There are 2 protein chains.
Amino acid sequence: MANVKQSHQSQVDEIMRQLVAGGRRRTMSRQAVIKVIVDCHGHISADDIATRVQKDFPSMDVSTVYRTLETLRELDIVDRVYFADGSAVYHLRDHQHHHLCCERCGSVQELPVSLMARVEKDLLDDFGFELHQRPLGLFGLCKACR
Amino acid sequence: MANVKQSHQSQVDEIMRQLVAGGRRRTMSRQAVIKVIVDCHGHISADDIATRVQKDFPSMDVSTVYRTLETLRELDIVDRVYFADGSAVYHLRDHQHHHLCCERCGSVQELPVSLMARVEKDLLDDFGFELHQRPLGLFGLCKACR
DNA sequence: ATCTTTGCAAACTTTTTGCACCAAT
DNA sequence: ATTGGTGCAAAAAGTTTGCAAAGAT
């Protein structure tokens with residue numbers, strides 16, 4: 001657990017480096033937002049990011065969170081995806097996966113993008129359509145709830 | 001084409017009947033909204049519905065459109081789905097299909113739900129997850145743009 | 001010193017709601 | 001005559017923007 005924390009920290013540092021490499025400045029706000037995203041493993045909403053960051057920095061405005069998220073998207077560090085219920089969540093770009101959301105218990109399970117490999121191939125073969133894989137939020141019933 | 005129009009009209013009538021059967025009243029506003037949805041074949045946004053309806057009934061308010069759509073959803077006549085870009089669209093419930101949206105030319109192509117049959121099976125077999133199919137908006141490049 | 005980033009307030013988009021009036025049954 | 005539906009205005013919820021002050025280089 002100590003080294004998990006450490007690896008999170010180094011991941012934050014790495015992203016800060018990318019930020020600087022991209023011509024942006026190192027700021028505490030950005031570091032705080034990045035830390036929350038890295039720590040959360042997976043996806044998180046803008047509002048949740050703001051709430052968590054504001055525990056440490058109460059003066060931080062939501063607009064700063066949104067602006068930071070936009071910057072991180074411009075640098076291809078995070079992606080924004082919309083679930084099938086219309087809610088937007090953000091995640092690290094290298095953390096690509098789909099989500100299975102249980103409509104009954106609300107649990108969210110991650111699964112690899114390879115799930116759609118077959119669909120991707122079918123689309124190309126049958127329709128000539130080149131799928132750009134994006135994380136999907138799929139809904140249904142989880143194992144436990146069936 | 002004459003009988004296409006006719007079948008649209010009879011489809012509108014049928015939905016109005018379902019509405020009454022569901023304990024709601026027949027109103028011009030509702031008829032107008034239903035007509036637009038039936039005529040559009042496929043999916044359409046609330047705002048587009050409002051714009052089209054207002055060509056015939058300029059006094060119709062967006063709130064009425066939203067309320068009508070909510071009523072139609074309660075009666076399982078229409079579904080609301082969110083595309084991967086976060087936009088919401090409405091479609092007749094019996095008109096189930098996925099969408100391929102080209103990121104370059106903006107074209108939208110429909111394709112049958114059977115596309116996901118394999119995925120549905122894999123999810124059940126590998127994860128015990130029972131997928132509830134909802135229309136997906138998938139993004140990529142269409143045949144012409146590749 | 002310069003140019004970027006931030007906080008604040010305000011605007012914007014999409015959807016929902018309260019209320020008095022109107023319409024369908 | 002009732003009860004439900006509509007228009008209007010206003011409110012939410014989520015996201016974006018203009019601007020002057022604060023901060024990073």
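Note that the structure is a prediction, hence the values are computed from the model and not measured.
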- Within the structure, does a side-chain N or O atom of Thr27(A) lie under 4.0 Å from either OP1 or OP2 of dT6(C)? yes

- Query: Roughly, in whole Å, what's the span from CE in Met16(B) to P in dG5(D)?
  - Reply: 11 Å

- Task: Could you state the atom-to-atom distance from CD of Glu74(B) to P of dG4(D) in whole Å?
- Result: 13 Å

- Does dT15(D) have OP1 or OP2 sitting under 4.0 Å from an N or O in the side chain of Tyr66(A)? yes

- Can Asp85(B) and Ser87(B) be counted as having a side-chain donor-acceptor contact under 3.5 angstrom? yes

- Message: Please pick, from dT6(C), dG5(D), dT14(C), the nucleotide with the shortest atom-to-atom distance to any side-chain atom of Arg30(A).
- Response: dT6(C)

- Item | Atom-pair distance (CZ on Phe83(A); P on dG14(D)), nearest Å | 15 Å

- Task: Whole angstrom is fine here: how far is it from CZ in Arg26(A) over to P in dA24(D)?
- Result: 11 Å

- Within this structure, what is the CE-to-C1' distance between Met60(B) and dG7(D), rounded to whole angstrom? 11 Å

- Query: Start at the 5' end of DNA chain D and walk down; is the nucleotide closest to Arg25(B) or to Ser63(B) reached first?
  - Reply: Arg25(B)

- What nucleic acid atoms does Arg67(B) come within less than 4.0 Å of, heavy atoms only: base, sugar-phosphate, or nothing? base

- Item | Sidechain N-carboxylate O distance under 4.0 Å for Asp125(B), Lys121(B) | yes

- Round to the nearest Å and state the distance from Leu69(A) atom CG to dG14(D) atom C1'. 13 Å

- Message: Taking the basic N atoms (NZ, or NE/NH1/NH2) and the acidic carboxylate oxygens, is any pair closer than 4.0 Å for Arg17(A) and Glu14(A)?
- Response: yes

- Item | Integer-rounded Å distance: dT15(C) P and Ile49(B) CD1 | 10 Å

- Distance test, side-chain N/O of Thr64(B) to OP1/OP2 of dG5(D), below 4.0 Å: no

- Task: Between Ser29(B) and Asp47(A), name the one whose nearest nucleotide on DNA chain D is closer to the 5' end.
- Result: Ser29(B)

- Between atom OH in Tyr82(A) and atom P in dG14(D), what is the gap in whole Å? 12 Å

- Task: Please tell me which of Arg24(B) and Arg73(B) maps to the more 5' nucleotide of DNA chain C, matching each residue to the nucleotide holding its nearest heavy atom.
- Result: Arg73(B)

- Task: Answer yes if the ring centres of His41(A) and His91(A) are under 6.0 angstrom apart, and no otherwise.
- Result: no

- Message: Please determine whether a side-chain nitrogen of the Lys or Arg among Arg24(A) and Glu74(A) lies less than 4.0 Å from a carboxylate oxygen of the Asp or Glu.
- Response: yes

